Q: 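Take this structure first; my questions come after.
The model shown is predicted, which means the values in this text are computed figures rather than measured ones. Side chains included, hydrogens not; waters and symmetry mates left out as well; all remaining heavy atoms used.
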Amino acid sequence: MSTSDEPHSPPPHTRCQFFLPKKNRFCANSPLGASSFCGNHTPRPKSNWIPCPIDPSHAVLEGNLEGHVKRCPMAKRVRALEGERYFRKGVNKGREDEAEEEAEVSCGMKRKGVHGMRVGRFWELLGRIKGVHGGVCEGRIRESFRGTEACAGWIMGEVDRKLPYQEKHVLQQASILGNLEDLGVLKHSSVDLVKDLSYTHDISRKDRSAAAAVVEFGAGRGYLTQMLADCYGIKKVFLVERKSYKLKADRSLRQKETLVLERLRIDIEDLDLSAVQSLKEISYLAIGKHLCGLATDLTLRCCLSEGVDRAVRDHLCGLAVATCCHHLSQWKHYPNKAFMLDLGFSKEDFHAIIWFTSWAVDDDHGSGLSSINGNQSELQPINISSEDAEGVEEVIRGMKPIERAAVGFMCKDIIDIGRMMWIKEQGMDAELVQYVPSNISPENRLLIARHRILT
């Protein structure tokens, strides 16, 4: 038997000449035409490949673009989607007077903007971030680790689950639902909340929801909705997701005779909820677990912006969105630009703040930073300096991981507090909570809201 250290004789000319180091052999496919390699391994000049205009997730040779556009698998899907009543291109990107027509600002562009700052300007911005966080966020983010008796049996395996099980995700799902129950928009008779994520109760068969339907945004495989349907008896489910996934919860959900499921494969930016016929005149919950960056902002706009049909706004009885991946957010979609501007942050500052949020995962959250995420007094190790001897890139390299992480968490909080205040401006009671310990997930902020109770 040959080993990786032994020389390999070249394969016959009828075999691809590409060597596979992981398999320790040459490719077994036949070469293409006069090439020495198969279609998978033929060298391709990078300059000739461009993103597909229909689906940028794959690339196509520039010379083949015209023919590819006609037969791209996504083309048929896009045409079908454009025929749906609930499709309105860019409906949730914001009003014309606030949604600036600008290209997406990539993470690389944000990083380049930060590295191009003068060092004094960089430290001045970090100082303002620290000051704003102390004044705006301090005392506004409480711990709210919730579990419910309704979810206890599900977690302990008393419900026949047909889905992959990962404890950290299930604990997050249970706490999201527990916070909704605590808010009063999920009803469960004779239930005391279990407040330490220690689930020891039997499941009750009397679980009922105050809402008739649930819309899960960025649903992915739909596991959050699966738990909600199993534990609270929701009868109508809408899963909003632009991608296609394997191992979805759909099959399990469709086995429930009393449950109606609709999966809307669409970008949240283009979803007009008021045109979803089966959602009309129905009270519903809007939920989302780890909605990445701008998906959070698009979800809030989809449910609450001024351009949304009044019936959709009025029938939203509760909202729970776990935010994450703030570095993917975009100024043009952020709903509370006025909040940022009032704090003295410009659009360029916002881009820098967005990029700083990626620093929150620079350190080990299971040890040194687990307390930072929950205790604002721990967010103090930033050394503010006006020294202008080095470039910003070198200054950043010289910062300790815990210092960068502290800045990252501050920036995340500022962004989410702005979102929370915008929700309040739309007439809802809203709160930003830490819904799981940081050793379960460092992305542990949850926006929760319900219609304001008039007294």
Side-chain angles (χ1 to χ4, degrees), residues 129-151 168 171-186 188 191-199 224 285-291 296 299-300 317-324 326 336 339 343 357 360 365-366 368-380 405-453 455:
I129 289 170
K130 183 178 178 180
V132 166
H133 185 273
V136 173
C137 304
E138 194 79 37
R140 285 195 172 190
I141 307 171
R142 63 179 177 87
E143 289 184 353
S144 185
F145 308 156
R146 293 290 189 261
T148 69
E149 189 175 343
C151 298
K168 69 173 184 177
L171 293 178
Q172 292 172 61
Q173 292 161 8
S175 189
I176 291 172
L177 302 185
N179 274 281
L180 282 171
E181 187 175 305
D182 201 21
L183 203 62
V185 295
L186 274 181
H188 179 220
V191 171
D192 293 322
L193 291 176
V194 184
K195 297 189 178 182
D196 297 318
L197 295 181
S198 55
Y199 305 97
L224 174 58
L285 294 174
I287 62 175
K289 175 176 175 284
H290 294 321
L291 276 172
T296 293
T299 295
L300 298 182
C317 63
L319 177 145
V321 173
T323 63
C324 83
H326 297 69
N336 208 350
F339 168 76
L343 292 175
T357 62
H365 300 92
L369 274 188
S370 60
S371 61
I372 284 183
N373 212 18
N375 187 350
Q376 304 304 325
S377 65
E378 295 290 335
L379 294 169
Q380 302 298 325
V407 175
F409 280 122
M410 288 181 184
C411 293
K412 282 176 176 286
D413 288 346
I414 292 170
I415 292 164
D416 285 339
I417 285 290
R419 289 164 169 163
M420 180 200 73
M421 295 176 69
W422 183 84
I423 295 172
K424 287 185 173 182
E425 291 172 4
Q426 310 313 308
M428 300 191 80
D429 289 324
E431 195 174 2
L432 179 65
V433 300
Q434 180 183 342
Y435 75 104
V436 290
S438 56
N439 61 349
I440 292 179
S441 173
E443 301 277 20
N444 61 0
R445 298 301 195 246
L446 180 70
L447 286 165
I448 52 176
R450 62 164 297 160
H451 267 300
R452 190 164 294 152
I453 301 175
T455 57

Q: Got a sec, which residues hit side-chain hydrogen bond (donor to acceptor under 3.5 Å, both in side chains) with Q426, two or more places apart in sequence or on another chain?
A: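 For Q426, no residue satisfies side-chain hydrogen bond (donor to acceptor under 3.5 Å, both in side chains) once neighbours in sequence are set aside.
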
Q: What is the distance from atom CG of N444 to atom NZ of K412, rounded to the nearest 0.5 Å?
A: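 Taking CG in N444 and NZ in K412, the distance rounds to 9.5 Å.
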
Q: Run the side chain to side chain contact (heavy atoms under 4.5 Å, CB included) test against C324 and tell me which residues pass, sequence neighbours left out.
A: H290, C292, E443

Q: Passes side-chain contact (heavy atoms from CB on, under 4.5 Å), L319 versus V321? Steps please.
A: CA-CA 7 Å; L319 177 145; V321 173; 3.9 Å; yes

Q: Hey, could you give me the CH2/CD1 distance between W422 and I417, rounded to the nearest 0.5 Å?
A: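 Reported value, rounded in 0.5 Å steps: 15.5 Å.
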
Q: Rounded to the nearest 0.5 Å, what's the gap from SG on C317 to NE2 on H451? Could you check?
A: 8.0 Å

Q: When rounded to the nearest 0.5 angstrom, what distance separates CD1 in I423 from CG in L300?
A: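 One finds 4.5 Å between CD1 of I423 and CG of L300.
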
Q: If I take atom OG1 from residue T299 and atom CD1 from residue I287, how far apart are they, to the nearest 0.5 angstrom?
A: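 Reported value, rounded in 0.5 Å steps: 11.0 Å.
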
Q: Considering only heavy atoms from C-beta outward, does the side chain of V136 approach that of F339 to under 4.5 Å?
A: yes

Q: Take R142 and Q434, measure what side-chain contact (heavy atoms from CB on, under 4.5 Å) needs, and give me the verdict at the end.
A: CA-CA 6 Å; R142 63 179 177 87; Q434 180 183 342; over 6 Å; no

Q: Strictly below 4.0 Å, N to O, side chains only: are R140 and E431 in salt-bridge contact?
A: no

Q: With the threshold set at 4.0 Å, does a side-chain nitrogen-carboxylate oxygen contact exist between D413 and R445?
A: yes

Q: Are E143 and F145 close enough that some pair of their side-chain heavy atoms sits under 4.5 Å apart?
A: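 E143 reaches F145 side chain to side chain.
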
Q: Looking at residues at least two apart in the chain, or sitting in another chain, which of them share a side-chain hydrogen bond (donor to acceptor under 3.5 Å, both in side chains) with D416?
A: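 Partners of D416 under the side-chain hydrogen bond (donor to acceptor under 3.5 Å, both in side chains) test: T323, H326, R419.
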
Q: Does L183 offer a backbone N or O that forms a donor-acceptor pair with the side chain of R450 under 3.5 Å?
A: yes

Q: Between R146 and D182, is there a side-chain N and carboxylate O pair less than 4.0 Å apart?
A: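 Yes, charged N to carboxylate O under 4.0 Å.
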
Q: Please report the C-alpha distance between F409 and T357 in whole Å, then the side-chain angles of each, then the deciding distance to 0.1 Å, and finally whether the side-chain contact (heavy atoms from CB on, under 4.5 Å) criterion is met.
A: CA-CA 6 Å; F409 280 122; T357 62; over 6 Å; no

Q: By the definition side chain to side chain contact (heavy atoms under 4.5 Å, CB included), identify the one residue from L432, V433, L446 that meets it with I141.
A: L432

Q: K168 and Q172: which non-hydrogen atoms are nearest, and at how many Å?
A: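 Result for this residue pair: O-NE2, 3.0 Å.
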
Q: Show your working on side-chain contact (heavy atoms from CB on, under 4.5 Å) between V185 and L285 and close with a plain yes or no.
A: CA-CA 8 Å; V185 295; L285 294 174; 3.8 Å; yes

Q: Once rounded to the nearest 0.5 Å, what's the spacing between atom OG of S175 and atom CD1 of I440?
A: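 Here the rounded value is 8.0 Å.
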
Q: For T296 and L291, indicate whether the former's side chain and the latter's backbone hold a donor-acceptor pair under 3.5 Å.
A: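 Yes; judged by distance alone, with no hydrogens or angles, the pair exists.
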
